Amino acid sequence: MIEELSKQYNPGETEEKWYKIWEQNNLFAAKASPGKEAYCIVIPPPNVTGILHMGHALNNTIQDILIRYKRMRGFNSLWMPGTDHAGIATQNVVERSLAKEGLKRQDLGREKFISKVWDWKERNGATIITQLKKLGAACDWSRTRFTMDQAYSESVAEAFVRLFNKKLIYQGFYIINWCPRCQTALSDEEATHVEMKGSLYYLKYPLKDTPHEFICVATTRPETMLGDTAVAVNPNDKRYREHIGKTLILPLVNRQIKIIADNLVDMQFGTGAVKVTPAHDLNDYRLGRKHGLEFINIMSPDGTMNSSAGKFSGLDRFKAREAVLGELKAAALLEKIQEHKLSVGHCYRCHTIVEPYLSKQWFVKMKPLAKPAIAAVKKNKIKFYPQRWTKVYLNWMENIQDWCISRQIWWGHRIPVYYCRNCQSQNPAKGIIVSKTRPEKCPKCSSTDIIQEEDVLDTWFSSWLWPFATFYWPKENADLKYFYPTSTLVTAPEIIFFWVARMIMAGLEFKKKIPFKDVYIHGTVRDIEGKKMSKSLGNVIDPLEVIAEYGSDALRFSLISITAQGQDVYLSKERFEQGRNFANKIWNASRFILMNLEAENSNVDLCAYLKKGRLDIVNRWILSRFYSTLRKTEEDLDAYRFNEAANNLYSFFWHEFCDWYLELIKPQIGQKTTQIVMYNVLEKYLKLVHPFMPFISEEIWKRLPGTKDSILQQAWVRTQADLINREDEKQMQELFDIINCIRNMRAEMEVSVNSHVEIRLTFADKYMEKTVQPLFEHIKNLAKVDKLSISESYLPQANEFACVLKNMHIVMPLSGIVNVAEQIKKNQAKIDKIKSEIKNKEAMLANRNFLARAPKDVVDAEKNKLTYMHEQAIKLEEIKNGLR
RNA sequence: GGGCGAUUAGCUCAGUUGGUUAGAGCGUCUGACUUACAUUCAGAAGGCCAGGGGUUCAACUCCUCUAUCGCCCACCA
């Protein structure tokens with residue numbers, strides 16, 4: 001069996017094999033079991049249209065680490081998976097494929113179109129789930145939810161009705177962000193502002209009574225002038241004071257519009273006079289309401305000009321801009337064009353420039369919802385990691401605007417509002433029925449002529465219920481009771497407003513409890529130049545390719561090890577080599593151990609064995625280091641310092657366990673105690689590394705003699721504080737220093753490995769001599785020394801070279817030195833450096849404040865150091881003399 | 001306009017509450033086929049910790065200002 005292990009680890013087959021077994025055996029499933037503490041994470045549901053990208057890989061690796069770690073630590077750990085119907089995004093995908101057939105969704109009609117989308121979902125919706133499985137995600141797939149599922153949709157309707165009944169939902173005409181391509185309203189968050197180079201156009205509007213006089217206004221969207229119903233100036237502006245109240249003739253349209261005064265107008269900007277288009281600009285809308293202006297909508301939902309735009313009707317908004325400018329120019333009414341930077345809203349789904357557009361929409365009143373959500377965070381009931389996001393959250397919440405939740409698309413939860421046509425025919429404001437299910441007849445007039453609201457809800461109106469709707473809220477049930485509130489939410493910063501903040505509000509509103517205790521915000525994955533990874537930039541590193549090439553464990557480990565808490569990640573493909581190499585290192589170390597392990601020495605309980613006898617220092621040391629690593633790993637994971645934990649596990653295994661321990665024990669590998677310790681460290685280490693590298697840890701775990709159950713069901717390693725021994729660690733450090741020093745001397749002097757070397761050691765104190773002496777064999781082995789002796793006098797002979805170590809002197813024959821002059825020079829540099837350091841240290845130790853205020857151990861350490869430096873300086877001088 | 005983050009080795013980044021000699025990976029250079037691993041092993045070179053000022057016995061770490069880059073927010077016509 002041992003011979004079967006290859007020299008190189010092959011992740012491909014192994015990973016596929018284990019995931020299948022885990023899944024088949026339901027190892028990820030969690031059941032509500034009161035009495036046992038729950039640990040629950042709800043996945044940020046990826047869009048059904050989603051394809052695994054590095055952001056997902058990072059996000060889900062972090063969650064998987066937490067889930068596996070907490071399960072091993074004894075929690076009843078549940079990772080709730082699912083996908084999001086992603087209204088606009090999904091509809092766009094299906095519309096695009098329809099377009100290939102030359103069809104529009106309107107050609108099919110609502111019902112047929114929706115069933116097409118469902119078809120698409122059935123065919124492609126599981127892609128992202130399959131990909132998450134490749135990553136190793138330990139989700140309880142039996143619970144997989146979809147935001148459009150029947151039960152989930154009922155939760156959505158319930159939430160709507162409750163808010164409506166509390167008068168927290170209202171309908172009204174407001175300026176919203178309109179995407180002319182998707183032809184729907186968007187929330188403020190869905191319009192992403194991008195800084196762009198544009199122009200500021202100065203238009204001249206003639207005064208009615210004195211047509212040779214003009215008021216000049218500046219605008220970035222000249223086509224909107226067709227909908228102007230006033231020009232506003234600041235009442236304190238001397239330039240225009242006399243014109244206030246006068247009438248202008250709006251060019252091209254010949255509408256008479258008034259000059260109004262309002263403090264909102266900034267005198268510094270443009271000409272100080274601003275055209276007012278109440279139906280196409282938020283500020284203008286407010287001015288319009290305030291001053292009772294007319295609202296003229298000049299645009300159709302598709303972004304072309306409508307009949308109110310007169311002869312421009314039918315033109316696309318940007319074509320209309322050119323046409324308007326052309327005509328104004330011809331009429332000499334275009335004074336000038338200035339370059340101007342401005343930030344323009346874009347649809348977050350299709351990147352089309354959005355229009356501020358006046359339309360009838362549904363809104364959620366947010367201030368009352370925000371209040372308890374602010375308090376929960378302020379009172380630390382919910383904590384953000386890193387903490388700085390708290391401020392971002394609070395700032396947004398304290399300035400929250402009402403949420404436009406209606407969308408003019410078809411794919412989504414249709415708003416549970418019904419209209420009785422009979423009632424409406426008498427009074428349009430009446431006849432609104434809000435109900436979770438379609439009413440059979442109007443409760444007022446009993447008419448059955450009832451139609452449902454056409455609009456659907458914003459996708460986020462369903463996502464914000466995710467932490468409890470996934471447990472079939474509002475139905476009270478054991479799972480909901482047991483797993484809610486969930487424990488940790490792991491997500492990206494760009495989603496704080498869309499989702500995190502709203503979930504907190506929804507949780508407090510509907511469940512009267514916070515939805516989660518901790519929010520871990522990780523960084524954005526960027527390419528090596530710091531750009532966001534995106535398909536259009538072509539800078540995407542595909543995680544699936546990385547998995548195929550390096551393995552999932554490698555992807556996970558590398559990703560985690562470079563992700564400092566909340567920092568953005570700059571990624572290049574080479575980074576994954578580190579993870580692959582590490583997996584291979586674990587593989588080979590295990591191979592080595594298994595090759596040498598006697599079956600009887602596996603599965604020996606370490607604690608019981610230790611009671612019987614004392615170990616040698618090397619074995620004591622590795623146990624001490626292991627348990628220190630365990631402690632550090634726990635501290636780091638509990639504080640969400642994943643990279644620290646990963647790097648610490650890496651350097652323990654590679655640089656302590658492999659580089660030192662395994663090398664040191666090679667000569668004694670047959671010994672029972674050594675075998676037991678080496679087996680135990682490996683076995684326990686596999687558990688520590690399992691949350692990070694689930695596949696390879698399982699593969700090796702299952703190859704350990706006598707292990708049957710999966711590693712992911714194992715209990716975490718128990719702390720053994722008594723096995724952490726600083727004194728042993730210190731002593732071993734002395735040994736490493738000596739070996740390093742000798743290796744160093746050989747390398748510097750270019751002494752071939754094969755040549756015989758004799759080393760004399762001189763110790764400053766007898767105690768140290770005593771502790772190092774038993775380690776002589778190790779020094780000989782690892783530093784390739786033939787003869788090792790202790791001498792009283794450290795003074796190097798004429799043919800010797802010496803090196804100074806703390807409290808120690810290492811002397812070796814000079815014969816191998818190639819360039820003595822070079823050595824003397826180096827030596828002198830060292831002496832100079834030490835002397836200047838001594839000066840500083842002496843000054844510090846002479847400082848009364850330091851002695852009075854610094855902790856005792858710091859003072860002692862400094863004193864020791866000074867003594868040591870003095871000795872070293874003297875010795876170096878002597879060596880220098882010896883070299884001559 | 002407001003807020004946040006970054007600035008540490010050639011590159012990409014760590015550095016948790018101030019306290020021994022500021023670390024890692026990659027890259028470079030030197031040496032090694034040492035029977036677990038060349039996806040390896042042993043070593044070396046390389047840092048006024050962005051800059052100024054301050055607090056402190058002690059600053060990469062805390063405060064302040066400046067510069068450069070990046071992100072987010074805002075009703076900049």
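Both backbone and side-chain heavy atoms feed into the values below; hydrogens, waters and symmetry mates do not. Since this is a predicted model, take the numbers as computed values, not measurements. Sequence lines set the chain letters: A, B, ... in the order given, protein chains first and strands last, and positions in each chain run from 1.
- Using atom C1' as the reference point in both B/C48 and B/G43, the two lie 28 Å apart (nearest Å).
- Under 3.5 Å, the side chain of A/K7 and the base of B/C37 form no donor-acceptor pair of N or O atoms.
- Between B/A77, B/U16, B/C57, one nucleotide has an atom nearer to the side chain of A/K632 than all others, and that is B/U16.
- You'll find that the side chain of A/R580 is closest to B/U39, out of B/U16, B/U39, B/G25.
- Note that A/K666 lies in the cation-pi zone of A/F592, set by a 6.0 Å cut-off to the ring centre and a 45° limit from the axis.
- Each of A/N744 and A/E577 was matched to the nucleotide of RNA chain B holding its nearest heavy atom; the match closer to the 5' end belongs to A/E577.
- The base of B/A36 lies close enough to the side chain of A/E663 for a donor and an acceptor atom to sit less than 3.5 Å apart.
- Looking at A/N847, its side chain does come within 3.5 Å of a backbone N or O of A/N849 through a donor-acceptor pair.
- Of the two residues contacting RNA chain B, namely A/K341 and A/T192, the nearest-nucleotide position lying further toward the 5' end is that of A/T192.
- Residue A/D266 has its side chain nearest to B/A77 when only B/C57, B/A42, B/A77 are considered.
- When distances run from any side-chain atom of A/H655 to the nucleotides B/U34, B/G25, B/C57, the shortest one goes to B/G25.
- Of all nucleotides listed (B/G5, B/A14, B/G19), B/A14 comes nearest to the side chain of A/E644.
- Remark: B/A9 base-pairs with no nucleotide in the shown strands. Criterion, Watson-Crick or G-U wobble with two distances under 3.5 Å.
- Spacing between B/C13 and B/G1 at atom C1', rounded to whole Å, works out to 33 Å.
- Picking from B/A36, B/G15, B/A77 the nucleotide with the shortest atom distance to the side chain of A/V274 gives B/A77.
- The number of heavy-atom neighbours closer than 6.0 Å to CD of A/Q387, taken from other residues, nucleotides and ligands shown, is 12 or below.
- Using cut-offs of 30° and 60° on the angle between ring planes, the pair A/F363 and A/Y174 is perpendicular.
- Pairing of B/C71, defined by two Watson-Crick or G-U wobble distances under 3.5 Å, is identified with B/G3.
- Distance from the side chain of A/A854 is smallest to B/G19 among B/A14, B/G19, B/A36.
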